[in-house]
Amino acid sequence: CTKTSFTTTKEKIGETEFTVFSNSEGAMSHFSNVKSYRAIQGGVCYAIDELVYGTNPEVYEPVRTVPFDQTIAKEKMNKIVHSFSFTTIK
């Protein structure tokens, strides 16, 4: 669950420490950025993935407007991810 060939860091979300790794790729005017969070809680693997992907609009005729700012998209998703917490059912 938390083992990967990518370089990892640790990040706390709520009370839980997650293993975090990122990957970015781009080809043929497409891009993808992934940030993955993994944790084992109660013997179960939990995964949260932030994905930002799209196409460079400059490759189209006529050139199109960028539909969103990748940095803002990542910031908004990061806020959502960090609102996560495990709850205990009694």
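Quick note: numbers below take in every heavy atom, side chains included, and nothing from hydrogens, waters or symmetry partners.
- Counting all heavy atoms, side chain and backbone alike, Glu11 lies closest to Asn78 at OE2-OD1, 4.4 Å.
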(message) Go through it in stages, so that I can follow the logic: the residues are Tyr37 and Val81, the test is side-chain contact (heavy atoms from CB on, under 4.5 Å), and I'd like the CA-CA distance, side-chain angles, deciding distance and then a yes or no.
(response) CA-CA 9 Å; Tyr37 302 81; Val81 167; 3.8 Å; yes

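- For residues 31-87, the set of pairs meeting the disulfide (SG to SG under 2.5 Å) definition, not counting sequence neighbours, comprises Cys1-Cys45.
- Aromatic rings of Tyr46 and Phe86 (six-membered ring for Trp) have centroids within the 6.0 Å cut-off, being under it.
- Separation of atoms NZ (Lys74) and CG (Asp69) is listed at 9.5 Å; rounding is to 0.5 Å.
- Atom NZ of Lys79 is surrounded by 12 or fewer heavy atoms from other residues, nucleotides or ligands within 6.0 Å.
- Residue Val44 is grouped with residue Phe84 when hydrophobic side chains (ILVMFWY) are merged at heavy-atom distances under 4.5 angstrom, including chains of intermediate members.
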(message) Apply side-chain contact (heavy atoms from CB on, under 4.5 Å) to residues Val34 and Glu50 and explain how you reach the verdict.
(response) CA-CA 6 Å; Val34 178; Glu50 295 178 9; over 6 Å; no

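- In this structure, CD1 on Ile13 lies 4.5 Å from NE2 on His82, to the nearest 0.5 angstrom.
- If you take OG on Ser36 and CG on Asn23, they are separated by 8.5 Å, rounding to the nearest 0.5 Å.
- Contact annotation: the side chain of Lys35 never approaches that of Asp49 to less than 4.5 Å [non-hydrogen atoms, C-beta and beyond].
- Residues Gln70 and Asn33 approach most closely at OE1-ND2, 2.8 Å, considering heavy atoms.
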(request) Would you check, one step at a time, whether the test side-chain contact (heavy atoms from CB on, under 4.5 Å) holds for Lys10 with Phe18? (result) CA-CA 6 Å; Lys10 300 290 184 185; Phe18 282 76; over 6 Å; no

